[in-house]
Amino acid sequence: MPRVVTYNVRRCVGVDRGQAPERIARVLRACGADVIGLQEIDVMPGRAGNHVETIARALGMTAYFFPAIRLGLYHYGVALMTAHPSRLVRADYLPRAGKLEPRGAVWAAVTIDGVEVQVVNTHFGLGGRERLAQAEALLGPDWLGNPECREPRLLIGDFNATPMTRAYKRLAASELRDAQTLLDRPPRCTFPNALPVLRIDHVWVGPGVSVRDARVPRDPLARVASDHLPLVVDFEIG
């Protein structure tokens, strides 16, 4: 059964303040995912430094990276990883409010069991209006509304949006469904990792995708590796 993970890794800096991409890779390996969306992942050539490559290599996966922030050689943004046959479709910025941190998304087509699944990974901003504009953009013709973005589809990421926010409600009003709400149990929170009380990391599924399970690992390694916990979702196509 295919499995997807979304995980904000906070530059691979754990709650112990140690920066360890190898530790993030161990958390992800234990999740056993087919597709992984990472947020707050960075690249700095010359140091221990290309965290995208380090994690992808450790997992035997191909990585697609979009740096929403570029400061000289330092790049920071979102990444999508998979060991399945895949192709990058789009990687670009999302609407930005004023001087707030730029945000982006990466879209790849991943072939799982002979079916091409469209997967978009993103990291929304902190402002309410900004998040709503970003949700509208992802539902629009450049992303999920693009004719090339056919079912089955997954939208994953750190949306900085609880179910009470306008951005979440806008996504919920579309054809997408919050994976955790499709199960016969209360959804699990992912932030902050020590005592998770906020549900801001989500996996959204489109028509034709059935959710079989969802969990938020809280083992000792996951509880120290980042300030978020990973969200793991098992799904079926058809």
Side-chain angles (χ1 to χ4, degrees), residues 1-12 20-70 73-94 103-123 138 142-144 146 148-158 201 203-206 209 217 225-226 228 230-237:
M1 183 180 302
R3 178 173 292 169
V4 62
V5 171
T6 181
Y7 192 17
N8 183 319
V9 298
R10 194 175 69 161
R11 297 178 294 108
C12 299
E22 298 84 0
R23 180 166 58 187
I24 293 293
R26 293 201 303 274
V27 172
L28 291 167
R29 188 180 298 111
C31 293
D34 296 273
V35 182
I36 295 169
L38 302 180
Q39 304 86 39
E40 295 193 19
I41 184 79
D42 61 356
V43 170
M44 181 65 178
R47 57 167 204 195
N50 191 327
H51 294 167
V52 176
E53 282 189 8
T54 298
I55 294 170
R57 189 183 313 115
L59 299 175
M61 292 184 167
T62 298
Y64 303 105
F65 175 56
F66 177 69
I69 294 178
R70 309 172 197 222
L73 295 178
Y74 178 77
H75 291 175
Y76 168 96
V78 293
L80 193 58
M81 300 183 180
T82 184
H84 290 274
S86 60
R87 60 185 176 88
L88 178 65
V89 181
R90 184 179 178 85
D92 208 344
Y93 290 99
L94 294 177
R103 305 286 177 160
V106 57
W107 164 15
V110 182
T111 301
I112 302 175
D113 297 332
V115 178
E116 191 173 78
V117 183
Q118 308 301 322
V119 186
V120 178
N121 175 43
T122 191
H123 187 192
L138 283 180
D142 291 333
W143 298 93
L144 296 171
N146 189 306
E148 192 174 344
C149 196
R150 298 176 294 273
E151 302 294 349
R153 300 179 297 174
L154 302 173
L155 173 62
I156 66 178
D158 175 0
D201 302 286
V203 170
W204 297 86
V205 302
V209 179
S226 173
H228 286 241
L231 172 60
V232 183
V233 173
D234 292 340
F235 64 96
E236 288 184 344
I237 300 167

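In this text, all values refer to a predicted model and were calculated from it rather than measured experimentally.
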Considering non-hydrogen atoms only, spot the tightest contact between L80 and G37 and give its length. CD1-CA, 4.2 Å

Say you draw a straight line from CZ of R90 to CD of E148; how long is it, rounded to the nearest 0.5 Å? 11.0 Å

Approximate separation, where rounding is to 0.5 Å, of H51 NE2 and I41 CD1: 7.0 Å

For F235 and I112, what are the C-alpha separation, side-chain angles and deciding distance, and is it a side-chain contact (heavy atoms from CB on, under 4.5 Å)? CA-CA 11 Å; F235 64 96; I112 302 175; 4.3 Å; yes

What are the two closest heavy atoms between N121 and L38, and how far apart are they? ND2-O, 3.1 Å

Please confirm whether the backbone N or O of N8 pairs with a side-chain atom of S226, one donor and one acceptor, at under 3.5 Å? yes

Assess the residue pair L155 and L144 against the criterion (side-chain contact (heavy atoms from CB on, under 4.5 Å)); give the C-alpha distance rounded to whole Å, side-chain angles, the decisive distance to 0.1 Å, and a yes or no. CA-CA 9 Å; L155 173 62; L144 296 171; 4.0 Å; yes

Gap separating the CD atom of E40 from the OH atom of Y7, nearest 0.5 angstrom: 11.5 Å

What distance do T62 atom OG1 and L88 atom CG have between them, rounded to the nearest 0.5 Å? 11.5 Å

Quick check: does any side chain N or O of R29 sit under 3.5 Å from a backbone N or O of A58, one acting as donor and the other as acceptor? yes

Minimum heavy-atom distance P217-P230, with the two atoms named: CD-O, 3.2 Å

Residue pair V233, I156: steps toward the side-chain contact (heavy atoms from CB on, under 4.5 Å) verdict: CA-CA 10 Å; V233 173; I156 66 178; over 6 Å; no

State, to 0.1 Å, how close L138 and W143 come at their nearest heavy-atom pair, and which atoms those are. O-CB, 3.2 Å

Does T122 reach the main-chain N or O of G104 with its side chain, forming a donor-acceptor pair under 3.5 Å? yes

What's the shortest heavy-atom distance between E236 and M1, and which atoms? OE2-CE, 3.5 Å

Any L59 side-chain heavy atom under 4.5 Å of I36 side chain: yes

If only atom types and distance count, is the side chain of S86 paired as donor or acceptor with the main-chain N or O of V110 below 3.5 Å? no

Does a sphere of radius 6.0 Å around CG in D113 hold more than 12 heavy atoms from other residues, nucleotides or ligands, not counting ones at 6.0 Å or beyond? no

Provide the closest heavy-atom pair for V43 versus F65 in the form atom of the first, atom of the second, distance. CG2-CE2, 3.7 Å

Kindly determine whether R153 and V209 satisfy side-chain contact (heavy atoms from CB on, under 4.5 Å), including the steps that lead there. CA-CA 8 Å; R153 300 179 297 174; V209 179; over 6 Å; no

Roughly how far apart are E116 CD and I237 CD1, rounded to 0.5 Å? 10.5 Å

Check whether any side-chain heavy atom of Q39 lies under 4.5 Å from a side-chain heavy atom of T6, and answer yes or no. yes

For the CZ atom of F66 and the OH atom of Y93, what is their distance to the nearest 0.5 Å? 4.5 Å

Salt-bridged, R3 to D34, with N to O below 4.0 Å? no

